[in-house]
Amino acid sequence: VHELSLSSAIVNTVAKHARGRRVAVVNLRVGRMRQVVPDTLEFYFQFVARDSVCEGARLHQEVIPAWLRCRGCEQEWEIEIPAFRCPTCGGSDVVVASGDEFEVESIEVEEAECIAPR
Amino acid sequence: MHRTKVKVVEEALDANNTIAAANRADFDRAGVTVVNFMSAPGAGKTTLLERVVADLPGVRVGVLEGDVQGSMDADRLASLHVPVTQINTGAGFGGECHLDANMVRSAIGALPLDDIDLLIVENVGNLVCPAEFRIGEDARVMVSAVTEGVDKPLKYPLMFRACELVLVNKIDLLPHLDVDLDHLLYNIDQVHPDVERIVLSARTGEGIDGWRDWLTRIATRAGAILAR
């Protein structure tokens, strides 16, 4: 259910960088831990994008796997379920190495051809 | 026309985080500690506040009440003679399912910051969206009622991981439920190892002292858990 709010955040971020140019593609990096449902995000994105520079843009979502690192024993592992204790030493000093991203990586914008000065 | 790729590399929620930082600066200037208080609907947030807000030794409390609709919660708390400010997130039958930094920003002018030490922001009842949006708080607290079952930490890890304190409420109902408290506590620990937990009942008052002490500690900034 948070995909609607997240879609607005994407459109606002993109609009800032598009500077009025029409956006064809938005490349998004989404960590597994953000609990985003790709189809739902796509649906709301198209809805929120209406009447903005993102209208009709394709939303490309790259899903980033969730990796944790234990600062106690330096073990690194990938998680599929939300279990955040180190499976090796049982420690709790565990940091997220990847998987909590929600970032606009790049956009592809339509640019009018420049006419080279003679 | 031709197509150009523009490198962005920006967290999509940066705009919210920037406003949250501005809120935080205003709260810091006024010397007010802010707690973002979250849970699913009906977990007991308002009752847990009713139990303590008028009774924190040496701490002047204010409440910012976020609701999709109505002022029922605000009215309950105002009757305890603490200043309550209401934000409704939507008009009619719509509305946002969470508070974001901008909504809190728009309410700052209405808050009696000079007259309080602790501001508790009661967020909209929801275990998903509020976890995503910082509002300029010092700490995040959530309520998980035992009636919700033992699996909620596993289903809503974002929320359980976002919080510095988890209140496990409604333990007076355990005799009537097929819910194993130890299993719930184990699941919370799996999702957020070593997170502080207080097991309590807003109804009977069991464990409420721990909640009151926690708030007093953080309001006087004696607790070193202030989230940055």
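Chain naming here is simple, since letters A, B, ... match the order of the sequence lines and numbering starts at 1 in each. When reading the values below, keep in mind they use all heavy atoms of this one structure, side chains included, and skip hydrogens, waters and symmetry mates.
- To the nearest 0.5 Å, atoms CZ (Phe102(A)) and CD (Glu11(B)) are separated by 8.0 Å.
- In Glu206(B), the CD atom is not crowded: 12 or fewer heavy atoms of neighbouring residues, nucleotides or ligands sit closer than 6.0 Å.
- With a 4.5 angstrom heavy-atom cutoff, Val14(A) does not touch chain B via any of its atoms.
- For Phe160(B), no part sits under 4.5 Å from any heavy atom of chain A, backbone or side chain.
- Residues satisfying the side chain to side chain donor-acceptor pair (under 3.5 Å) test with Glu105(A), not counting sequence neighbours, are Lys7(B).
- Using a 4.5 Å cut-off between heavy atoms, Asn27(A) contacts chain B through its side chain alone, with no backbone atom that close.
- For the set Asn16(B), Leu154(B), Leu13(B), Asp189(B), the entry with the most heavy-atom pairs within less than 4.5 Å of chain A is Asp189(B).
- In this structure, His17(A) and Glu10(B) have side chains that are in contact, with non-hydrogen atoms separated by less than 4.5 Å.
- In this structure, Val128(B) and Glu3(A) have side chains that are not in contact, with every pair of non-hydrogen atoms separated by 4.5 Å or more.
- Between the side chain of Ser92(A) and the main chain of Pro193(B), no donor-acceptor pair closer than 3.5 Å is present.
- Not one N or O on the side chain of Glu103(A) forms a donor-acceptor pair closer than 3.5 Å with the backbone of Val8(B).
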Practice problem: Take Glu132(B) and Leu6(A) through the side-chain contact (heavy atoms from CB on, under 4.5 Å) test and state the conclusion after the steps. | Solution: CA-CA 9 Å; Glu132(B) 300 269 10; Leu6(A) 296 178; 4.2 Å; yes

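- Counting all heavy atoms, side chain and backbone alike, Arg34(A) lies closest to Leu158(B) at O-CD2, 3.8 Å.
- How far NE2 of His98(B) is from OG of Ser5(A): 4.0 Å, rounded to the nearest 0.5 Å.
- Smallest separation of non-hydrogen atoms from Val6(B) and Arg21(A): CG2-NH2, 4.0 Å.
- Nearest heavy atom pair, residue Val25(A) against residue Arg3(B), reads CG2-NH1, 3.8 Å.
- Val104(A) and Ala12(B) make their closest contact through CG2-CB, 4.4 Å (heavy atoms, listed as atom of the first residue, atom of the second, distance).
- Residue Val96(A) touches chain B through its side chain alone, counting heavy-atom pairs closer than 4.5 Å.
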